[in-house]
2 protein chains.
Amino acid sequence: MTESAPRTRRSRTASLLPAPEDTGLTGKATINDIARLTGVSKKTVSRVINNSPLVHPETREKVLALMKQLGYTPDPQARGLAFRRSFLIGLVYDNPTAQYIVNMQYGALDALRDSGYELVVHPCDSSKEDYIDGVRRFVQQQKLHGVILIPRVSEDEQLAAALREIGVRYVRIASVPMDAAAHMLVTQDRQASTEAANYIESLGHRTIGLITGPRRYRSTIERGGGFLGGLDARGIKLPPDYIFEGGYTFDSGVAGAEYLLAKSPRPTAIFACNDEMAAGVYKAAMRRGLSIPGDLSVVGFDDSPLAAQLWPALTTIHSPTRDVGRQAAQMLLGEEPSSEAAAVAPRAVNPQLVVRDSTQRPKG
Amino acid sequence: MTESAPRTRRSRTASLLPAPEDTGLTGKATINDIARLTGVSKKTVSRVINNSPLVHPETREKVLALMKQLGYTPDPQARGLAFRRSFLIGLVYDNPTAQYIVNMQYGALDALRDSGYELVVHPCDSSKEDYIDGVRRFVQQQKLHGVILIPRVSEDEQLAAALREIGVRYVRIASVPMDAAAHMLVTQDRQASTEAANYIESLGHRTIGLITGPRRYRSTIERGGGFLGGLDARGIKLPPDYIFEGGYTFDSGVAGAEYLLAKSPRPTAIFACNDEMAAGVYKAAMRRGLSIPGDLSVVGFDDSPLAAQLWPALTTIHSPTRDVGRQAAQMLLGEEPSSEAAAVAPRAVNPQLVVRDSTQRPKG
DNA sequence: CTGAAAGCGCTTACAG
DNA sequence: CTGAAAGCGCTTACAG
């Protein structure tokens, strides 16, 4: 079985005499080498690469053995060109905290390891009118295999619509279902916030403050609403003036606490909808000479590294971000998102309350 | 100028009759469409794409105009296949803090924006014996255009050697030159730490503690050494038992401060070689009822968001990480790293002391 | 279960 | 300054 055109250019590894040394090639072998050395057509090698069932087991074994021996892996660019899509997963996000982004990346990479796929990061500025165009160009230019959307861009219906139009796979990570199950990964923030409310109430607190995120964020509705709902179910109605709309930033946490701690009666506990704002509460409390948790109990949300590093360590809600990233990537790598999966309920993860040292029974 | 083989399969946009509607195609045009519609060969279009000077200005204009009109951008996979390399930049790192990683990513992406290149992240575990193989596979498989190495993997000579062997471009970000100038981006940590020493001495502190990173890190030598050198130049010799080897973690900062604050005489100032450890110093000081900066001045390194969020806000050294990321990516995108650049001194950035509220003159 | 031909969208020699 | 041919390393129809 000689090659058809000896006069054509050939890769270095495809010399006419396959010397034993050829075996030592590092990552340079091509599908042609595998086909020639193993005596089958490249189409059959291609079938092996793509796990087609239409290959005789013996043939498959022979091919796999040589691929392993030569350390052959198919060229993603060539495959991509022929497939008309790449082996890249895009991670698109607006402006979450660094730890959240990094955890999500680690999780996604956990799932991608040894899969032949790689992770391409794409932060963007959703406050710009044309940011969706930027994402679209990114997705189309790179012919991404799939896209992971994390809050807050995951909440943008126009972005999702644009991705649907392109026809790319995508997964939205959000605190509430807002798309077909195949496209959703839900973090049950509401439920966890209710748990925080139950805990604070059970400690005996009755005068309570709440610092939320911006009203336009879905997570604000879930986290803040879950907390209020939890208190309500236990007979505590939070007056509107004990609710402060923050911006998920440290400074807004300071401002919120300054506001709440000036009220009379002064709250004995504050729930901040993320840890950064909770850290701001610490600062405001210290400035006023209030001790935590002696004079004020504080609960956050996220369980960022910051939470354990504050003094006293912050009681907060742990969100399994890395797991979420892993699951999202897995959803993208899975089989066609049609069939059964489509009908099923969206996947969900449950953040959990982590009790540390910033909470106790109120004095007196 | 009709196409040679009307019987061959053609892309949808290449219908025989270029209707006006064809103009509205979104990102589907190919080099063939540009060539046909503009009446030149695809090779000439290719020359325009690659900025070859060997194109008549008028021809170039005509081609560029149509490309713009059709929203054409060359397919990176096809280019990559022909070029035998991709348009991807790899970011390789071990285990820095989240904020550092994210800032570096933002910086690199700043430089890559609209360049046609994308950023692929590759965290790894340098404590594993075979992590270099993992990086090598990553680089070769994706045929990366270049790699950015950030501390601590940037300090690994074996990794650098492996990359040289592969023949891929790379930039090492480190606190001291350790490779050819074309491959180095130096953050002058030593100089900045000396500045911190000068500042602390100038406040009047004479009993001073130092918490370093692990001895095997190059940054430890630079940061710790720069600090000691600065004190020494001003006539202060730090006794060895006022130096604690930490691990760049919050907990090791706590441990270091517990150790130092138990000494007699007790230090009136502590320099921690990163902010996380400085945060640990805060915790230990508070536990002992020591006020910052009244009883103890604290200086950190990094200027992470944490620094501004501590109370009192931490005096620290600001490292322009995002700029560093941007410069590193630019070095990778630049012209061939031969010629002049090679002879020049390595690029360097200078971290700066940021004085906040955690430092003052010692009491008494 | 297997293969020969044509193609994915570009670039590299090579020739003018 | 320009172009026709061959190729990069794979896959898709199509045929057996």
Side-chain angles (χ1 to χ4, degrees), chain A residues 1 3-14 27-36 38-63 67 72-87 116 141-143, chain B residues 1 3-14 27-36 38-63 67 72-87 116 141-143:
Chain A
M1 176 152 283
E3 280 292 308
S4 54
R7 70 183 182 289
T8 60
R9 254 197 300 170
R10 306 300 316 286
S11 75
R12 208 182 76 228
T13 63
K28 296 278 210 167
T30 74
I31 196 175
N32 288 308
D33 301 319
I34 303 293
R36 183 171 43 81
T38 198
V40 302
S41 75
K42 53 200 268 195
K43 175 59 207 176
T44 293
V45 178
S46 174
R47 286 198 179 89
V48 173
I49 292 171
N50 292 290
N51 287 315
S52 161
L54 303 176
V55 180
H56 192 86
E58 228 167 67
T59 309
R60 179 189 307 281
E61 284 317 312
K62 191 170 57 175
V63 171
M67 297 199 312
Y72 168 80
T73 49
D75 181 330
Q77 310 216 56
R79 290 232 287 167
L81 184 56
F83 267 141
R84 289 163 190 76
R85 66 167 185 76
S86 71
F87 292 84
Q141 164 104 1
Q142 299 299 323
K143 300 208 220 79
Chain B
M1 177 151 286
E3 279 292 306
S4 53
R7 70 184 181 289
T8 61
R9 253 198 300 170
R10 306 300 315 286
S11 74
R12 208 182 76 228
T13 63
K28 295 277 208 168
T30 73
I31 196 174
N32 289 309
D33 300 319
I34 303 293
R36 183 172 44 81
T38 199
V40 302
S41 74
K42 54 201 268 195
K43 176 58 207 172
T44 294
V45 178
S46 173
R47 286 197 180 89
V48 173
I49 292 171
N50 292 290
N51 286 315
S52 162
L54 302 176
V55 181
H56 192 87
E58 227 167 68
T59 308
R60 178 188 307 282
E61 284 317 312
K62 190 170 57 174
V63 170
M67 296 199 312
Y72 168 80
T73 50
D75 181 330
Q77 310 217 56
R79 291 232 286 167
L81 183 56
F83 267 141
R84 289 161 192 76
R85 66 168 184 75
S86 71
F87 292 84
Q141 164 103 1
Q142 299 299 323
K143 301 208 220 77

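Everything quoted here is computed from the prediction, not taken from an experiment. In what follows, chains carry the letters A, B, and so on, assigned in the order in which the sequence lines appear, proteins first and then strands, with residues in each chain numbered from 1.
- Of all nucleotides listed (C:dG3, C:dT11, C:dG9), C:dG9 comes nearest to the side chain of B:Asp75.
- Side-chain N or O atoms of A:Thr38 include none that pairs as donor or acceptor with a backbone N or O of A:Val40 at under 3.5 Å.
- Of the candidates D:dT2, C:dC10, D:dG9, D:dT2 carries the atom nearest the B:Arg47 side chain, counting heavy atoms from C-beta on.
- In the set D:dT2, D:dG9, C:dC10, the nucleotide with an atom closest to the side chain of B:Ile31 is C:dC10.
- Distances shorter than 4.0 Å separate some side-chain N or O of A:Ser41 from OP1 or OP2 on C:dG3.
- Residue A:Leu81 contributes atom CG, which lies 12 Å from atom P of C:dT11 at whole-angstrom precision.
- B:Arg36 places its CZ atom 17 Å from the C1' atom of D:dG3, with the value rounded to the nearest Å.
- Looking at B:Ser86, its side chain never comes within 3.5 Å of a backbone N or O of B:Gly80 through a donor-acceptor pair.
- Protein atom CZ of A:Arg85 is 14 Å distant from nucleotide atom C1' of C:dC8, rounded to whole Å.
- In terms of position along DNA chain D, the nucleotide closest to B:Pro53 lies nearer the 5' end than the nucleotide closest to the other residue of the pair B:Lys143 and B:Pro53.
- Residue B:Leu54 has its side chain nearest to D:dC1 when only C:dT2, D:dG9, D:dC1 are considered.
- Per the geometry, NZ belonging to A:Lys43 stands 14 Å off C1' belonging to D:dG9, to the nearest Å.
- With hydrogens and angles ignored, the 3.5 Å screen pairs no side-chain donor or acceptor of B:Arg60 with any backbone N or O of B:Asn51.
- Across every strand in view, C:dA4 sits unpaired, with no contact that passes the Watson-Crick or G-U test at under 3.5 angstrom.
- As a whole-Å value, the separation of A:Asn50 CG from D:dC10 P is 11 Å.
- The partner of D:dA13 is absent, by the rule that a Watson-Crick or G-U pair needs both atom distances under 3.5 Å.
- OP1 or OP2 of C:dT2 has not a single side-chain nitrogen or oxygen of A:Thr44 nearer than 4.0 Å.
- We find that NZ of A:Lys42 is positioned 10 Å from C1' of C:dA5, with the value rounded to whole Å.
- Side-chain atoms of A:Asn50 never come within 3.5 Å of backbone atoms of A:Ser52 as a donor-acceptor pair (strictly under, hydrogens ignored).
- Relative to the six-membered ring of B:Phe83, B:Arg85 meets both conditions, a distance below 6.0 Å and an angle of at most 45° to the axis.
- Comparing C:dT11, C:dT2, C:dC10 by their nearest atom to the side chain of A:Thr59 picks out C:dT2.
- Per the geometry, CD belonging to B:Gln77 stands 16 Å off C1' belonging to C:dT11, to the nearest Å.
- B:Arg84 has its CZ atom 7 Å from the C1' atom of C:dT12, to the nearest Å.
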